[in-house]
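Written out below as structure tokens is the structure these notes cover.
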Amino acid sequence: MGETARLIRVFVVDDQAMVRESFAAVLGAQPDITVVGTAGDGADAVTAIPAAAPDVVLMDIRMPTMDGLEATRRLLADPAPYRVVVLTTFHLDEYVYDALRAGASGFLLKDAPSADLINAVRVVAAGDALLAPAVTRRLIADLVKAAPRKQTRPNQLARLTDREAEVLTLIARGLSNAEIAGEFVLSEQTVKTHVGRILGKLGLRDRAQAIVLAYESGLVQPGQG
């Protein structure tokens, strides 16, 4: 990292002081990350985060006063310069799905190794969604089946070219840009261009929202692929 490289600004929200302090200590020790604030509940987070101007918010889901889901909804109700990573104790926490629908960029298990925590912050700060392929398929498919929503294909999907629709389908199945490039014998840069156009046409923040939309619209069915 060059001397002039900008530090990744992180805000940690968790009602357990030990978790907040531990995460803050691990992240603050990294040369490319700085912790700009912490909060013990969603209400305090919603108040403090805009002024702290983080790049990434680590948001616990289950908290008193205001839970992480409501806090995420409020923070991302309008276009925001920060991205939210949901912290959860369970792989299939039903709130994770709703947080992704609200605009969260991914989720992380609270007992994940420190290396995964650090990587999560870097990945999301770089603009990517934090959704491992296998976990993506299981999480979204299982939760859609458990709490089915009316599937009406949005008119926006009609704006996509056939190739863009194919790329969106593979994104929803959890494939990376490199894997999608291999499927279509394209360069990774071409795939990135397709992904950018998909997000722009559908008015989405990132791949996480694209995955949710693909399932909810019926473009991809739970258990498919």
Side-chain angles (χ1 to χ4, degrees), residues 7-30 32-42 44-46 49 52 54-63 66-76 80-143 171-172 174-176 204-212 215:
L7 293 175
I8 300 171
R9 298 166 62 85
V10 180
F11 196 103
V12 181
V13 187
D14 197 290
D15 64 328
Q16 299 179 50
M18 186 176 295
V19 173
R20 289 198 310 274
E21 293 166 5
S22 174
F23 281 16
V26 169
L27 294 171
Q30 305 308 306
D32 58 337
I33 298 173
T34 182
V35 177
V36 295
T38 64
D41 65 64
D44 288 345
V46 169
I49 285 172
D55 300 302
V56 178
V57 177
L58 297 178
M59 179 74 74
D60 187 20
I61 280 286
R62 300 171 184 270
M63 296 182 290
M66 181 189 293
D67 65 24
L69 177 57
E70 180 60 25
T72 297
R73 284 182 179 139
R74 295 193 185 192
L75 288 168
L76 300 180
Y82 35 80
R83 295 175 179 271
V84 175
V85 175
V86 171
L87 301 173
T88 180
T89 308
F90 310 102
H91 279 281
L92 293 179
D93 189 326
E94 67 272 17
Y95 289 118
V96 170
Y97 181 78
D98 288 328
L100 294 176
R101 294 180 73 240
S105 295
F107 78 100
L108 183 71
L109 293 176
K110 292 174 74 170
D111 61 356
S114 295
D116 289 353
L117 171 66
I118 297 164
N119 180 65
V121 167
R122 290 172 176 157
V123 165
V124 172
D128 294 323
L130 186 70
L131 293 166
V135 176
T136 296
R137 287 192 289 267
R138 187 175 69 247
L139 174 76
I140 302 296
D142 285 1
L143 289 177
I171 290 172
L175 273 66
S176 67
L204 304 174
R205 289 175 60 87
D206 54 29
R207 296 170 82 99
Q209 285 196 315
I211 290 167
V212 171
Y215 276 96

Under the criterion side-chain contact (heavy atoms from CB on, under 4.5 Å), which of I61, D41, V19 is the partner of D14? V19
Could you tell me whether the side chain of M59 reaches within less than 4.5 Å of the side chain of L75, counting heavy atoms only? yes
Heavy-atom pair of closest approach, residues V13 and A45: CG2-CB, 3.7 Å
Looking only at non-hydrogen atoms, find the nearest pair between R74 and V46 and report the distance. CB-CG2, 4.3 Å
Is there a donor-acceptor contact under 3.5 Å from the side chain of R9 to the main chain of A52? yes
Nearest 0.5 angstrom please: D15 CG to R20 CZ, how far? 8.0 Å
What pair of heavy atoms forms the shortest contact from S105 to V124, and how long is it? CB-CG1, 4.0 Å
Going through the distances and angles, do L7 and I33 end up as a side chain to side chain contact (heavy atoms under 4.5 Å, CB included)? CA-CA 5 Å; L7 293 175; I33 298 173; over 6 Å; no
Pairwise distance CZ(F23) to CD1(I118) - rounded to 0.5 angstrom: 11.0 Å
Which heavy atom of I171 sits nearest to which heavy atom of R207, and what is that distance? CG1-NH2, 3.8 Å
Out of curiosity, Q16 CD to R62 CZ, how far, rounded to the nearest 0.5 Å? 12.5 Å
Nearest heavy atoms of A99 and L69, plus distance in Å: N-CD1, 3.5 Å
Gap between atom CG of D111 and atom OG1 of T88 - 0.5 Å precision: 9.5 Å
Lys/Arg N to Asp/Glu carboxylate O, K110 vs D60, below 4.0 Å: yes
Nearest heavy atoms of L58 and L27, plus distance in Å: CD1-CD1, 3.7 Å
